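All remarks here apply to the structure that follows.
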There are 2 protein chains.
Amino acid sequence: MAGRRAETTEANRARLLAAARAAFAVHGFAGASMDELTAAAGLTRGALYHGFGDKKGLLAAVVAQVDGEMAARARAAAAAVGDDWEALLAEAAAYIEMALDPEVRRIVLLDGPAVLGDPSRWPSQNACLAETRDTVARLVAAGTMRAVDVEAAARLLSGAALNAALWVAASDDQAVALPRALDAFALMAEGLRAR
Amino acid sequence: MAGRRAETTEANRARLLAAARAAFAVHGFAGASMDELTAAAGLTRGALYHGFGDKKGLLAAVVAQVDGEMAARARAAAAAVGDDWEALLAEAAAYIEMALDPEVRRIVLLDGPAVLGDPSRWPSQNACLAETRDTVARLVAAGTMRAVDVEAAARLLSGAALNAALWVAASDDQAVALPRALDAFALMAEGLRAR
DNA sequence: CTCTTTCGCATACGAACTGTATGTGAGTTG
DNA sequence: CAACTCACATACAGTTCGTATGCGAAAGAG
């Protein structure tokens, strides 16, 4: 059987998520209309409230999706580098570049924290932040990074990276700002490196 | 003379600002009702729209006020320290501690960027960020800080500090998290210090 | 001193949006 | 095949923002 019912339900859920993602990216959370959004998915608000509870629930689902994709890309970027320390920098660079995507900026960096609260308390557990925490923990355990509180360091590093991305995105000339942000980040991170 | 008219106008403006600041801090930007807010100030929405244009304009005014206060406190904290490098750390510590105030967190760190866009583009010019930029510029000029892009470094430092504050604020035990954040920040900043 | 003008603020109104309560029909089950 | 489930649509109520209009007190002119 495979459940003809559950199949279409899942498909509808995916369509709503996609539509919401696009609407939130373009209009922001507050500016996105649930009516327009669901109509674009070929459904009505009824489907939305049934599947996601309320508007915040919908945002949480979208954030979880985008956040998961970001963590995966960061992991891949880190894995592509041999040296452990370079992997940390590659991960941060990946975050910065990803955050230049308007969709990521608005949904995960701006509306996400404002509407859902601090990322460390998100239902999605913030895969993105967990990824950085794991990397930091590995570096500390290997003695590559100085003995620093793992949580604090992870939060500082990801905070600096994502904030740098906001700066680059708002800059008049991103092509100039981006390498400067990356340079400054690498220098600053050096402070955490074992000597 | 002194302008009996302008006098009450200014007083009303101040009352609206105070009421808005309280309402935004408690309910957030989206959750704050203009009707309740103005009523609490003994006025109506008419006064608000006449003086601030719209809801975003009101938030911008509140943000400018709080931001200005923050910059002043940071400057004072830095001035109280003799050593130049220590002054930078004192300034960052001041930011972190200020951001533990729920009012500052919600208005300046969460709703501000989400509603008004990137802080570097705020009408208030972000006095808070300008203060850090000046400090960094002084340190670079004095040779205390390595030759790094001033804008980028300032943005990374303030971003890390304010993000650390968000983490501390969301922590279960702030008394434990705060010193860890400060330690990690000092270590990380060390990467920018001239050798 | 009076008349006119200005303008800060209140009031009234319209449009949009969210969330809920109810209805319905396709799909599932016994 | 009949009863039931449930995903989704429809209808409704409450709230909110922004604008358009009105009013009354302060400021200025003669």
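Being a predicted model, the structure only gives us computed values, none of them experimental. Just so it is clear: chains get the letters A, B, ... in the order the sequence lines come, proteins before strands, and each one is counted from 1. Just so you know, these numbers use all the heavy atoms, side chains as well, and skip hydrogens, waters and symmetry mates.
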Exercise. What integer distance in Å separates B/Y49:OH from D/dG18:C1'?
Worked result: 5 Å
Problem set entry | Over 12 foreign heavy atoms within 6.0 Å of CZ, B/R106 | yes
For this session: State, with a plain yes or no, whether a side-chain heavy atom of A/F24 is found less than 4.5 Å away from one of A/V115.
Result: no
Exercise. How does protein contact run along nucleotides 4-12 of chain C, one letter per nucleotide 5' to 3', with B for base contact, S for sugar-phosphate only, - for none, heavy atoms under 4.0 Å?
Worked result: ---BBBBBB
Exercise. Do any of residues 28-38 of chain B sit with a heavy atom less than 4.0 Å from DNA chain D, and if so which?
Worked result: B/A32, B/S33, B/M34
Exercise. Between A/H27 (NE2) and C/dT18 (P), how many Å, whole number?
Worked result: 12 Å
For this session: Give a yes or no answer on whether the side chain of A/T44 reaches the backbone of A/G46 with a donor-acceptor pair at less than 3.5 Å.
Result: yes
Exercise. Starting at NZ of A/K55 and ending at P of C/dT18, how long is that distance when rounded to a whole Å?
Worked result: 4 Å
Exercise. Is the backbone of A/A165 close enough, under 3.5 Å, to the side chain of A/Y95 for a donor and an acceptor to pair up by distance?
Worked result: no
Exercise. Under 6.0 Å from the CD atom of B/E10, do we count more than 12 heavy atoms belonging to anything else shown?
Worked result: no
Exercise. Stepwise, does the side chain to side chain contact (heavy atoms under 4.5 Å, CB included) test hold for B/E103 with B/R21?
Worked result: CA-CA 8 Å; B/E103 191 178 67; B/R21 186 166 165 164; 3.1 Å; yes
Problem set entry | Residue from B/T135, B/L192, B/D83 passing side-chain contact (heavy atoms from CB on, under 4.5 Å) with B/L88 | B/T135
For this session: Please answer whether the main-chain N or O of A/F29 pairs with a side-chain N or O of A/K55 as donor and acceptor at a distance below 3.5 Å.
Result: yes
